[in-house]
Amino acid sequence: MPQIIDGKLISAQIKEEVKEKVAKLNAQGTRVCLAVIQVGTDPASSVYVGNKKKACAYVGIESLSYELPEQTSQEELLALIAELNGKAEVNGILVQLPLPGHIDEDAVIRAIDPKKDVDGFHPQSVGALCIGQPGFVSCTPAGIIELLKRSGIEIAGKECVVIGRSNIVGKPMAILLLRENGTVTVTHSRTRNLKEVTRRADILVVAVGKPRMITREYVKEGAVVIDVGIHRNENNRLCGDVDYEDVSPVCSAITPVPGGVGPMTIAMLMYNCVRSIELQ
Ligand code: NAD
């Protein structure tokens, strides 16, 4: 049986650590405050935003909520971000993605002060990550590194293969694994002989966005498999990009869906909010 990497447990540990840090900061008279902006009423976004606000309340971070109508113009959104950039009492700014089609997401991400960029999506944060400078790291890949480390899985010297090259998951994941001295290969929709490449992996991170695509033919015996995907299957149950039943008997460790990578994203967001105090 493989080791089941317990994201629920590890994310709870991280939230407890953050809670302690926030309490210490509060005792010194420093408050931590996250501004959360949502444009429109996309139900999935509303659930994510609600969970982020709940996590803030739990760890003692103040959250300011901005629920803007779907028809908000890009100028109005940029004006709000500029206002929040200028407020010393706001430490982090989070704009829930995706935004409505008439708003340029890149322009919005660039408008956030990099010192308040708790999602780690600003080009300055990404650049800092690439050259090993201090800055915010995108929450999902940062959470995966914590999952590996806290489960006692060594990264240094390992063959690490990432499936997916998105700016939010695949690319920062690859850089982080490299920073931990893994030997990293990034695969994507144009990769030839994907199975051959993924079968080299000691650590396989799957962020392909296709329900249960990764079966055991993609996985080397004894590999560690990290499943980033979140989907609803035909029975409305959550499933990942990995076919868990098929893959788990051949790997040495695996993240379940739900309860693997998912809970780590919010825990790392809380961590980044506290880190914003250090960076500011
Ligand atoms: P994306 O759609 O932006 O990227 C998917 C990547 O997979 C692309 O780079 C593409 O080149 C690659 N790809 C597509 N088809 C492929 C194929 N047949 N072979 C090889 N590569 C292929 O997705 P994303 O935003 O990176 O998210 C990936 C998954 O992770 C999604 O299921 C998403 O819902 C999930 N996700 C989860 C969390 C979390 O908190 N757990 C956070 C972000 C994303």
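The structure presented is a predicted model; accordingly, all values stated were derived computationally and were not measured. Along the sequence shown, residues carry numbers from 1. Remember, it's 1-based here, ligands and their atoms both numbered in the order they're listed.
Within 4.0 Å of ligand 1, the residues that place a heavy atom are Thr140, Ile163, Gly164, Arg165, Ser166, Val169, His188, Ser189, Leu194, Ala207, Val208, Gly209, Lys210, Met213, Val228, Gly229, Ile230, His231, Asp241, Val261, Gly262, Thr265, listed by chain and number.
With respect to Glu234 and Arg212, a salt bridge is recorded, a charged nitrogen being found less than 4.0 Å from a carboxylate O. A salt bridge does not link Lys210 with Asp241: none of the charged nitrogens is closer than 4.0 Å to a carboxylate oxygen. Note on Lys15 versus Glu146: no salt bridge recorded, every NZ/NE/NH1/NH2 to OD/OE distance being 4.0 Å or above. The pair Glu83-Lys87 meets the salt-bridge criterion, since a charged nitrogen lies less than 4.0 angstrom from a carboxylate oxygen.
By the criterion of side-chain heavy atoms lying less than 4.5 angstrom apart, applied directly or through intervening Ile, Leu, Val, Met, Phe, Trp or Tyr residues, Leu177 is grouped together with Val228 in one hydrophobic cluster.
Judged by distance alone, with hydrogens and angles left aside, the side-chain atoms of Ser138 form a donor-acceptor pair with the main-chain N or O of Ile168 at under 3.5 Å.
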